[in-house]
Amino acid sequence: MPKPSRRAALTARSADRHALYEAAVQDPERDVRLLERIHARVAKRPLRVFREDFCGTAALSATFVRRGEGRRAIGVDLDASTLAWGRRAHLAPLPPETRARVSLVRADVRAPSRVRADLTAAFNFSWQVFRAREDLHAYFRSAL
């Protein structure tokens with residue numbers, strides 16, 4: 001009888017911080033369903049274009065487009081390595097036609113954008129990085 005293989009102990013050094021973050025604080029399916037319900041109630045129409053500010057790994061964006069044709073998502077984040085992780089973990093497994101409906105942008109969420117979203121979300125208190133009133137105001141102006 002073969003011996004069971006031993007898994008290496010998971011340590012802070014060997015753990016994938018993005019996977020741990022997602023496991024600890026995200027439930028993309030539930031979050032997307034909540035956003036869809038809120039949008040439908042307020043806007044009286046289905047959510048079609050979703051912008052995920054401070055998107056990190058873009059789990060919400062990938063989940064949103066996977067839930068139906070005709071949906072588009074724009075994820076915005078400053079961290080290139082986190083966006084790259086999200087492309088590998090969440091976008092690469094999607095069929096090409098679904099993947100094409102997600103745009104990940106490395107940018108400051110306060111930067112002006114010509115893309116109009118039906119709904120913009122900033123989860124997990126990411127917006128708290130803005131310590132000065134002017135910075136938070138600039139973010140809200142951009143989100144609007």
* Structure fact -> Distance col, row R101:CZ vs F50:CZ, nearest 0.5 angstrom, shows 14.0 Å

* Structure fact -> Heavy atoms of R17 and S81 approach each other most closely as NH2-OG, 4.0 Å

* Run through the side-chain heavy atoms of Ile, Leu, Val, Met, Phe, Trp and Tyr, join any pair under 4.5 Å, and report what else lands in I38's cluster. => L34, V42

For residues 87-96, which side-chain donor-acceptor pairs fall under 3.5 Å, sequence neighbours excluded?
{"from": "R87", "atom 1": "NH2", "to": "L104", "atom 2": "O", "distance (Å)": "3.3"}
{"from": "H90", "atom 1": "NE2", "to": "E22", "atom 2": "OE1", "distance (Å)": "3.2"}
{"from": "H90", "atom 1": "NE2", "to": "E22", "atom 2": "OE2", "distance (Å)": "2.7"}

* **ring pair (Phe, Tyr, Trp, His ring centres under 6.0 Å) partners of residues 16-48, not counting sequence neighbours, each pair once** => H18-W85

* **R133: salt bridge (charged side-chain N to carboxylate O under 4.0 Å, His left out) partners, not counting sequence neighbours** => none

* **side chain to side chain contact (heavy atoms under 4.5 Å, CB included) against A132, all qualifying residues, sequence neighbours excluded** => E134, D135

* **By side chain to side chain contact (heavy atoms under 4.5 Å, CB included) - contacts of A111 (at least two apart)** => none

* Structure fact -> Minimal heavy-atom distance between R51 and A117, with the atoms involved, is CB-CB, 3.7 Å

* **F123: ring-ring contact (aromatic ring centres under 6.0 Å, His included) partners, not counting sequence neighbours** => none

* Excluding sequence neighbours, so at least two apart, what forms side chain to side chain contact (heavy atoms under 4.5 Å, CB included) with A100? -> none

* Is it the case that one hydrophobic cluster holds both V76 and L119, taking links as side-chain heavy atoms less than 4.5 Å apart, direct or via other members? -> no

* To do: Using a 4.5 Å cut-off on heavy atoms from C-beta on, say whether the side chain of R72 contacts that of V115.
  => yes

* Quick one: salt bridge (charged side-chain N to carboxylate O under 4.0 Å, His left out) partners of D79, sequence neighbours excluded? -> none

Identify all side-chain donor-acceptor contacts of residues 136-144 below 3.5 Å with residues at least two apart in sequence or on another chain.
{"from": "H137", "atom 1": "ND1", "to": "R141", "atom 2": "NH1", "distance (Å)": "2.6"}
{"from": "Y139", "atom 1": "OH", "to": "D53", "atom 2": "OD2", "distance (Å)": "2.8"}
{"from": "S142", "atom 1": "OG", "to": "V109", "atom 2": "O", "distance (Å)": "2.9"}

* Between C55 and D77, is any pair of side-chain heavy atoms under 4.5 Å apart? -> yes

* Asked: Which residue pairs satisfy the side chain to side chain donor-acceptor pair (under 3.5 Å) criterion with at least one member in residues 112-122, sequence neighbours excluded?
  -> R45-D118

* Asked: Do V105 and V65 belong together in a cluster built from hydrophobic side chains that touch within less than 4.5 Å?
  -> no

* Structure fact -> R67 meets the salt bridge (charged side-chain N to carboxylate O under 4.0 Å, His left out) criterion, sequence neighbours left out, with E29, E36

* Asked: How far apart are the closest heavy atoms of A15 and L20, and which atoms are they?
  -> CB-CD1, 3.4 Å

* Structure fact -> In terms of heavy-atom contacts, Q26 and A59 come closest through OE1-CB, 3.7 Å

* Can you find a heavy atom in the side chain of F64 that is under 4.5 Å from one in the side chain of L35? -> no

* I74 reachable from V32 in the ILVMFWY side-chain graph, under 4.5 Å edges -> no

* To do: Return yes when atom CD of E69 has more than 12 non-hydrogen atoms of other residues, nucleotides or ligands closer than 6.0 Å, and no otherwise.
  => no

